[in-house]
Amino acid sequence: MTGVIGTSSAIWATHFIAMLAFEPGMATGFAIGQTCASLLIAILLVGLGAGVVVVRPSVSGRIAGGGIIGLAISAMHYTGMGAYDVQGTLHWDRTTVALSVVVGVTLGSLSMLLAFNLRPAVRHLAPLVLLLAVCGTHFLGMSAVTIVFDPRVEIPGGSMDTTVLSILTANVALLIVGLSLAALRLWRLNRLRYEAENQRLRDLADIAVEGLMICDGDTISGINHSLERVLGLSRKALLGAPLQRVLPGLSVDDIPKNQEADAVLRDVDDHDVPVRVIAQSIVIKAKPHTVVAVRDQRERLRAEAEMHRLAHQDALTGLANRRQFNEALAARYASRRSEDAAFALLILDLDRFKVVNDTLGHGMGDALLQRVAQRLLRAVRGDDLVARLGGDEFAILKAGGTDLAGIQAVAERVIDILARPFLIDGHILNIGTSIGIAVAPGDGRTPEQVMGNADLALYGAKEDGRGRYRMFEESMNARIQARRALELDLRRAISRQEFTLLYQPQLSARSGTYDGAEALIRWHHPERGVVSPVDFIPLAEETGLIGPLGEWVLRTACTDALTWPEHLTVAVNLSPVQFRDVRLATTIRGILAETGFPGSRLEVEITEGSLLQDEQRTLAILRELRTLGIRISMDDFGTGYSSLSYLRRFPFDKIKIDQSFVRQTPDDKDSAAIVRAITMLGASLGMKTTAEGVETDAQSQFIAGEGCDQLQGYLISRPIPADRIAALFSASPLALTA
């Protein structure tokens, strides 16, 4: 309202100041009523024009509102001219009058268009154009009138003279100045409040993680910092730009207001950025706007892709993992395409990998698995799937039908390439692989069946000596099932304590007295009868059951030997697998403490297989056992290729001559020479020697005559239960050997 009054008063004052300056050369005056009416008309029409502009902010509304303000100038001018009393008559040029009205209306409309332009420099032209509208209307209007002196005309009484009008105009001018200052003050306060509010909104928007745009229709009127970073464009560069510049193909009406929708954002380099958008209507300065929230999806999509990769890819080798393999296997069975109907499945298990992993550490094992994966990829075609199922187990899903020659060629190529040495960190590693092959659909109508049959073929390859492949055969199922049944029975036997220990005495070859006995395990199965250690010990080693079984043997042997005379020892065999457990010495120490059995009466027997795995670790364990007073014996001496080097490096107390040599003496000269050499070697190294498998007096006399320290075999006694060993020890050995 203040602006309307100020503008109207300025227009009115401009006219009458100009009229005061006009000198017609005759008496003049101003009618009070029409002078006031001209001011009222200016206020009403300017207010009407401003109202049209506010109500209709479109271009047409601005043109119409500006035109009404132009008419206000003309109406005020000619009403004011009607208030001009002069001693003469006024003659008007109608064409010039019409031209003055057109100039006022045209320049008034133009001033409103300029006032709402987005560019500040253009907006600053609006007051000047409005001033031109006032001046143009006035001076054209004044040029349209001609005043003819007429002495008969008298100035009406009550007219204002120029002095009164000057005072009135000056007051109006002061009013204009006051209103202008008030308007300026209000404008300044309003602008500060507006800028503060805008800054607060910008600050709130800028701290938002999501990108935000404020749109006036489809025109961008504001963005926040987050969106600037995503686009790579500044806020200034986007203000006034169409929404389609950053969201191609979308208008504000296309963006949903209830839930996010997928869209593509176009950045500064014209790259497409995947985003999700949602809109919300707001009112800014009494005008509806739309806020568009933009959520950058690149990080989420990268995270999802990484999660998908991790879920389907083995982290160590980069091969497909078990999940991806299972999905691919299931997809082949689900596919109806003929090329997918028949395929070969190869299951691989690395040979001797556990030795590398245990002896050189898991880091070396991981590096070896990575090298294995690289070689496997080179050994197959591009459309074959290579997967790591876990540990050192791999699988190859071979496409391309069931051509037996092609399948066997792949298996042979894989075996050959993995049998070649690996050089890793200065270590030369020699492993190999065993492969089981099943061909679908003949070897399995479901993924589970073909996997199971490939596993059976793998077991068959291992039983054949490793480093080879086997195709699945129906006969494998029965054999493997029997093995699995034996494994299950073995697990039950440990919990049910179906095992017993027998003891075979050891006799001093010089004095003929007993030195001790060797503990020998037996399994009394309720249905199978007596199961030979040859059948279940390898199975226990393979399945990891040798640990609890070996602890039971040690504990039972120590407990039974407590009832023997104190000078007698008990010998217990340790499996090579038990030496992989770094806690072995600690376990034995605990058993000795639990049973109260002296370590000096315990003798552990090991084979060369225990020494081949990790010499340093085995040596450390044996030295720790020696600190407990335990004696160390090398069992089956003479059957290995490096026994002499082991005798030099390891702390053995006794050498046991393998029975394969003893049983051939004294008739076989070579066997007799070997027994004689081992006996002499033991004596020179300060180690006792024990001859196993002594069954005849001739063998006993020959071996004793060669200087062997101890005899063991059926000639002395067969293995007998613990409850009979005390009676045997109290009897005369000579009577038993008669």
Side-chain angles (χ1 to χ4, degrees), residues 502-520 533-534 564-565 567-573 603-609 611 631-648 650 652-720 724-725 727-738:
L502 301 181
Y503 297 92
Q504 189 170 37
Q506 297 170 333
L507 192 72
S508 172
R510 294 184 176 86
S511 64
T513 59
Y514 292 111
D515 290 336
E518 179 182 0
L520 303 171
V534 176
W564 303 349
H567 68 283
L568 299 181
T569 62
V570 61
V572 177
N573 288 280
E603 182 180 301
V604 295
E605 298 182 359
I606 64 173
T607 61
E608 291 183 25
L611 308 176
R631 306 178 188 182
I632 313 296
S633 297
M634 174 174 276
D635 199 12
D636 302 329
F637 186 81
T639 59
Y641 66 91
S642 58
S643 299
L644 294 178
S645 64
Y646 288 141
L647 289 179
R648 179 178 58 84
F650 289 88
F652 291 108
D653 298 286
K654 180 193 292 186
I655 302 172
K656 298 191 74 174
I657 305 172
D658 188 72
Q659 57 186 345
S660 61
F661 304 120
V662 174
R663 287 174 179 170
Q664 304 297 322
T665 59
D667 300 325
D668 183 74
K669 294 183 179 180
D670 292 335
S671 296
I674 291 173
V675 170
R676 184 180 301 111
I678 294 174
T679 302
M680 293 176 61
L681 178 64
S684 64
L685 294 175
M687 301 177 185
K688 295 179 63 175
T689 52
T690 299
E692 295 184 290
V694 178
E695 297 180 353
T696 65
D697 288 330
Q699 294 170 353
S700 175
Q701 292 172 6
F702 170 77
I703 291 171
E706 293 298 330
C708 185
D709 299 293
Q710 203 172 59
L711 306 177
Q712 180 180 342
Y714 284 178
L715 178 65
I716 312 302
S717 172
R718 289 178 174 273
I720 58 177
R724 292 175 51 195
I725 195 70
L728 181 62
F729 283 153
S730 63
S732 170
L734 295 177
L736 292 173
T737 58

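The shown structure was predicted, so the numbers you read here are calculated from the model rather than taken from an experiment. Residue indices begin at 1 and follow the sequence shown.
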Inset, instruction - Working to the nearest 0.5 Å, report the span between CZ of R718 and CG of L520. - result: 12.5 Å

Inset, instruction - Please list, chain by chain and in numerical order, all residues satisfying side-chain hydrogen bond (donor to acceptor under 3.5 Å, both in side chains) with S633, sequence neighbours excluded. - result: E603

Inset, instruction - Drop me the distance from T513's OG1 to F729's CZ, to the nearest 0.5 angstrom. - result: 11.0 Å

Inset, instruction - Carefully, step by step, assess K688 and Q710 under the rule side chain to side chain contact (heavy atoms under 4.5 Å, CB included). - result: CA-CA 8 Å; K688 295 179 63 175; Q710 203 172 59; 4.1 Å; yes

Inset, instruction - Indicate the atoms forming the closest heavy-atom contact of L715 with S700, along with that distance. - result: CD2-CB, 3.6 Å

Inset, instruction - Would you check if there is a donor-acceptor pair between the side chains of Q504 and E518 at a distance under 3.5 Å? - result: no

Inset, instruction - Could you tell me the separation between the CZ atom of R631 and the CE atom of M687, rounded to the nearest 0.5 Å? - result: 14.5 Å

Inset, instruction - Over all heavy atoms of both residues, which pair between A519 and V572 is shortest? Give the atoms and the distance, please. - result: CB-CG2, 4.4 Å

Inset, instruction - Please name the residue in the list Q712, R663, K656 that meets the side-chain hydrogen bond (donor to acceptor under 3.5 Å, both in side chains) test with E692. - result: K656

Inset, instruction - Going by the side chain to side chain contact (heavy atoms under 4.5 Å, CB included) test, name the single residue among L568, V570, I720, L502 that passes it with I725. - result: I720

Legend entry - Closest heavy-atom pair and its distance - A571, E605: CB-OE2, 3.4 Å

Legend entry - N-O pairing of D709 and R510 below 4.0 Å: yes

Inset, instruction - Determine, stepwise, if the pair Y503 / W564 fulfils side chain to side chain contact (heavy atoms under 4.5 Å, CB included). - result: CA-CA 12 Å; Y503 297 92; W564 303 349; 3.7 Å; yes

Inset, instruction - Might you point out which heavy atoms bring V662 and A691 nearest each other, and give the distance in Å? - result: CG2-CB, 3.9 Å

Legend entry - Spatial distance of atom CG (D670) from atom CZ (F661) [nearest 0.5 Å]: 10.0 Å

Legend entry - From E706 atom CD to T679 atom OG1, the distance as rounded to the nearest 0.5 Å: 6.5 Å

Legend entry - Atom pair CD1 (I606) and CG (D635), whose distance is rounded to the nearest 0.5 Å: 9.5 Å

Inset, instruction - Might you work through the side chain to side chain contact (heavy atoms under 4.5 Å, CB included) test for H567 and Y514, ending with a clear yes or no? - result: CA-CA 9 Å; H567 68 283; Y514 292 111; 5.8 Å; no

Inset, instruction - Identify the two heavy atoms, one from D515 and one from L507, that lie closest to each other, and give their separation to 0.1 Å. - result: OD2-C, 4.2 Å

Legend entry - Considering all heavy atoms, the nearest L711-A509 contact: CG-CB, 4.1 Å

